[in-house]
2 protein chains.
Amino acid sequence: MHSVKDEIRRIGLVKVSEPRERLLRTATRLFYEEGINGVGVDRVVAEAGVTRATMYRHFPGKEALVVAYLEHEDAMIRDLFAAAADQAATTGASPSDLLALVIDGVADDATRLHTRGCPFINASAEFPDADGPVRAVVRRHRDWFRATLTELASAADAEDPAATAAALVLLRDAMLVGSYLDGGDVAASFRSTARRVAGLASLT
Amino acid sequence: MHSVKDEIRRIGLVKVSEPRERLLRTATRLFYEEGINGVGVDRVVAEAGVTRATMYRHFPGKEALVVAYLEHEDAMIRDLFAAAADQAATTGASPSDLLALVIDGVADDATRLHTRGCPFINASAEFPDADGPVRAVVRRHRDWFRATLTELASAADAEDPAATAAALVLLRDAMLVGSYLDGGDVAASFRSTARRVAGLASLT
DNA sequence: GCAAAGAGAACGAACGTTCTCTCTACATTC
DNA sequence: GAATGTAGAGAGAACGTTCGTTCTCTTTGC
């Protein structure tokens, strides 16, 4: 006998989301848009269409859900970098072109997806314990981000790869914060400034 | 008959703080260091040595206390600017010198007092309602900050005062975030970069 | 048959807020 | 100068709500 889910799957309309998926997606949306401490577990499970028991079956507690949320954000940015690298590889782009691609991707991400600041900066405002698991994810993310940019800058023959990466991290932080609190098209000035500090042609 | 407070006052050891003062000072410390939503009213009144009733006599509610906290932060930065202006006036410093003084003051403030990020950025992470009173304070502060820097840059004969001010705001945001999350001496690079974008001599 | 999910009650704790009661400080009045 | 009135602060109980978490029970899917 076929279930409703089977039927949906068979028709191929939509893939039925597993509870964990829905939980993570809902938590990502709510935590980012309304702050972590401002959103209770009840809200998350209700909007995810899941019961509390199911949530605690997948996550030991709320903090684990927060960590999963941040790791999901981290994975998305890594995907962005990977996509840029793929595109550069297939089109035979130079390391400088790849750096430009990454800069464009980051700017695009900020204007389309992350209009309420940086998830990691925001989470750090709510989690003062520097030794806690949440801040550990933030640290890992930022370390990876900086290290990756250093590699890219190095491959693109930047004069001082570490300094270039530091400047790009700085610019991205400021762009995310600025576009959230001040509005306006900060992404455009980010792109031009980032290209300049990266030693790229500032055409566009 | 003399009370304990009278005695303390008479001896002149310490000036007894008014409850409102203690509340605001305690709230400022706790909200900044542990996040706003993470600190309950009980914590604030307990550490301020004040009863709940007294708090609600001075503030309509917690949100009013948050607003007062941010306005206090705002006032401190304005004082910093005023002090720099006074110093410049008494020493007959040029507008460029004043701009340099302000940059130094901001850098010094970030290294000594604000090592846990920007109070306004952090508060905005916890208060998603852009139309609420908290975000209104943030907006006022940032508008004033930008406008004042524009004036200073204009007086210092910067090429593009508005762009210079925007760059300085950006740099300050990034310094505060960076020193909190990444550690290290971000203030030094802030000073040199800020002086450069402000068109000042970059000799330390 | 068994693991996973739904449904919902229940827990103690903490939240923001309001209340009553007492005491002290200080200005007004006799 | 002593008595009195009043506003402000201390002490603490209590409100209803929400928090994060755990529980039992039933239903579903493979």
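By convention in this document, chain letters (A, B, ...) are assigned in the order of the sequence lines, proteins followed by strands, and residues within each chain are numbered from 1.
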Check this one for me: any side-chain N or O of [X] less than 4.0 Å away from OP1 or OP2 of [N]?
{"X": "Arg22(A)", "N": "dG6(C)", "result": "yes"}
{"X": "Tyr56(A)", "N": "dT21(D)", "result": "yes"}
{"X": "Thr54(B)", "N": "dG10(D)", "result": "yes"}
{"X": "His58(B)", "N": "dG8(D)", "result": "no"}

**Asked** Want to settle it: does Arg57(B) or Ile36(A) sit nearer the 5' end of DNA chain D, counting the closest nucleotide to each?
**Response**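 Checking each residue's closest nucleotide, the 5'-ward one belongs to Arg57(B).
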**Asked** With nearest nucleotides of DNA chain D determined for Pro60(A) and Arg43(A) from heavy-atom distances, which residue corresponds to the more 5′ nucleotide?
**Response**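 Mapping each residue to its closest nucleotide by heavy atoms, the 5'-most match is Arg43(A).
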How long is the line joining [atom1] of [X] and [atom2] of [N], in whole Å?
{"X": "Glu63(B)", "N": "dT17(C)", "atom1": "CD", "atom2": "P", "value": "9 Å"}
{"X": "Met55(A)", "N": "dG20(D)", "atom1": "CE", "atom2": "C1'", "value": "9 Å"}
{"X": "Phe59(A)", "N": "dT22(D)", "atom1": "CZ", "atom2": "P", "value": "15 Å"}
{"X": "Asp42(B)", "N": "dA14(C)", "atom1": "CG", "atom2": "C1'", "value": "8 Å"}

With respect to the side chain of [X], which nucleotide from [options] is positioned closest?
{"X": "Val41(A)", "options": "dA7(C), dG16(C), dT21(D)", "result": "dT21(D)"}
{"X": "Lys62(B)", "options": "dG10(D), dG6(C), dT17(C)", "result": "dT17(C)"}
{"X": "Ala53(A)", "options": "dG10(D), dC23(D), dA5(C)", "result": "dC23(D)"}

**Item:** Touch class at under 4.0 angstrom, heavy-atom based, for Gly38(A) against every strand present
**Value:**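 The residue Gly38(A) makes no contact with any strand.
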So that I can tick it off, tell me whether [Y] and [X] are bridged by a salt bridge, with the cut-off set at under 4.0 angstrom between side-chain N and carboxylate O.
{"X": "Asp104(B)", "Y": "Arg191(B)", "result": "yes"}
{"X": "Glu47(A)", "Y": "Arg29(A)", "result": "yes"}
{"X": "Asp131(A)", "Y": "Arg139(A)", "result": "no"}

**Prompt:** Ignoring hydrogens and angles, are the base of dA7(C) and the side chain of Arg52(A) linked by a donor-acceptor pair under 3.5 Å?
**Reply:**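 Per atom types, no contact qualifies.
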**Message:** Once you measure the plane-to-plane angle for His141(A) and Phe120(A), does it fall in the parallel (<30°), tilted (30-60°) or perpendicular (>60°) bin?
**Reply:** parallel
**Asked** Is Arg172(A) positioned over the aromatic face of Phe145(A), cation under 6.0 angstrom from the ring centre and no more than 45 degrees off axis?
**Response** yes
